[in-house]
Amino acid sequence: MTDPGPLHQFLGITVTRSASGLFLSQSSYAQDIIARASMTNCNPVATPVDTQSKLSAASGPAIKDPPLYRSLDGALQYLTFTRPDISYAVQQVCLFMHDPREPHTQDLKRILRYLQGTIDHGLCLSVSPVTGLTAYPDADWAGCPDTRRSTSGYCIFLGNNLISWSSKRQATVSRSSAEAEYRGVANAVAETTWLRNLLLELHIPLRRATIVYCDNVSAVYMSGDPVQHQRTEHVEIDIHFVRERVRIGDIHVLHIPSDSQYADIFTKGLPRVLFIRFRSSLNVCSSPVSTKGV
């Protein structure tokens, strides 16, 4: 074995050390994606997706170069490792890789235009005490115009650092917004349960319960109510493991106002001001000016 020194490059991710911690960036990789799409001189935009964008599989004519569309989609998926702010936009365009249409291409180009204006952005990991896990799950009910499935998203923090996030369309149709939100909570709880076990194996046991912030009051009540109400009988049994985690004390599900629900950035297009605020809350920022070491 050899010691190559302090980490500065790993699988295309550049690691920059600063006084506050680490900065993870894929700016060179993002530039390559933009160049591959012949959009080096494109005009930047403030957000990767507009607030009205709900793509349909059959909208618009088919494109002339589907392999390029799929190639760019795959490249953008890898870019989300350090750019959680584009996760929702990338998830949306990836739904149509089998038969891309012109509107899908326009949305993909908007992502690239957003990257053009934020090419120096990356994920900051700061020095902070490991106080516990905090999760923010959310769901956009029946957002898909073709299948009426909801989009779930969550972000999970260890101390002050974002360590896990997801934006994914749910596998089944939810019959109410409460059900869609509850499925989102269940996804986040499953991830935090795995993370707690991982930290335990790393000899960093968490003494405090994981806090899960949900902006849907019904989903919060369902998480702690052991009574099987008629309105929730159609929810699969495996979803109810949330109540088990709450009962044993590993999880606390609390309500949070929608304007403080960071996971909104993973489920829908947001206005510019709100998007920038949530992006900052996810610790996605520009490269630090002063650095120490390499």
- Is the side chain of Asp215 donor-acceptor paired with the backbone N or O of Ile256 at a distance under 3.5 Å, no angle test? no
- Would you find a donor on one side and an acceptor on the other, under 3.5 Å apart, between the side chain of His104 and the backbone of Ser56? yes
- When you measure from the side chain of Arg110 to the backbone N and O of Thr47, does any donor-acceptor pair fall under 3.5 Å? yes
- Message: Whether the side chain of Arg101 engages the backbone of Gly60 through a donor-acceptor N/O pair (distance < 3.5 Å, no angle test) should be reported.
- Response: yes
- Message: With side-chain contact (heavy atoms from CB on, under 4.5 Å) as the test, pick out the partner of Leu158 among Ile204, Leu195, Thr131, Val130.
- Response: Val130
- Message: Can a donor-acceptor pair be found, under 3.5 Å and without considering hydrogens, that links the side chain of Tyr29 to the backbone of Ala75?
- Response: yes
- Query: With no hydrogens and no angle check, is any side-chain donor or acceptor of Gln116 less than 3.5 Å from a backbone partner on Thr40?
  - Reply: yes
- Item | Heavy-atom donor-acceptor pair, Thr192 side chain to Val189 backbone, under 3.5 Å | yes
- For Asp73 and Cys94, the nearest pair of non-hydrogen atoms, with its separation, is OD2-CA, 3.7 Å
- Query: Linking I/L/V/M/F/W/Y whenever any side-chain heavy atoms sit under 4.5 Å apart, do Leu133 and Trp194 land together?
  - Reply: yes
- Task: Answer yes or no: does atom CZ of Arg272 have more than 12 heavy-atom neighbours from other residues, nucleotides or ligands under 6.0 Å?
- Result: no
- State, to 0.1 Å, how close Gly12 and Gln26 come at their nearest heavy-atom pair, and which atoms those are. O-CG, 4.0 Å
- Task: Would you name the heavy atoms of His255 and Pro257 that are closest together and state the gap between them?
- Result: CE1-N, 4.2 Å
- Are the side chain of Arg70 and the backbone of Met97 linked by a donor-acceptor contact shorter than 3.5 Å? yes
- Message: Is it the case that the ring center of Tyr88 lies less than 6.0 angstrom away from the ring center of Phe275?
- Response: no
- Query: Is the backbone N or O of Leu55 less than 3.5 Å from a side-chain atom of Gln92, with the two atoms forming a donor-acceptor pair by type?
  - Reply: no
- List the atom of Cys144, the atom of Arg169, and the distance in Å for their closest heavy-atom pair. SG-NH1, 3.4 Å
- Message: Centre-to-centre under 6.0 Å for Phe278 and Tyr262, is that the case here?
- Response: yes
- Under 3.5 Å, is there a donor-acceptor pair between the Thr210 and Arg196 side chains? yes
- Decide whether Thr118 and Arg83 meet the rule of one side-chain donor and one side-chain acceptor closer than 3.5 Å. yes
- Message: Main chain of Glu181, side chain of Asn216: is a donor-acceptor contact present, judged purely on distance under 3.5 Å?
- Response: no
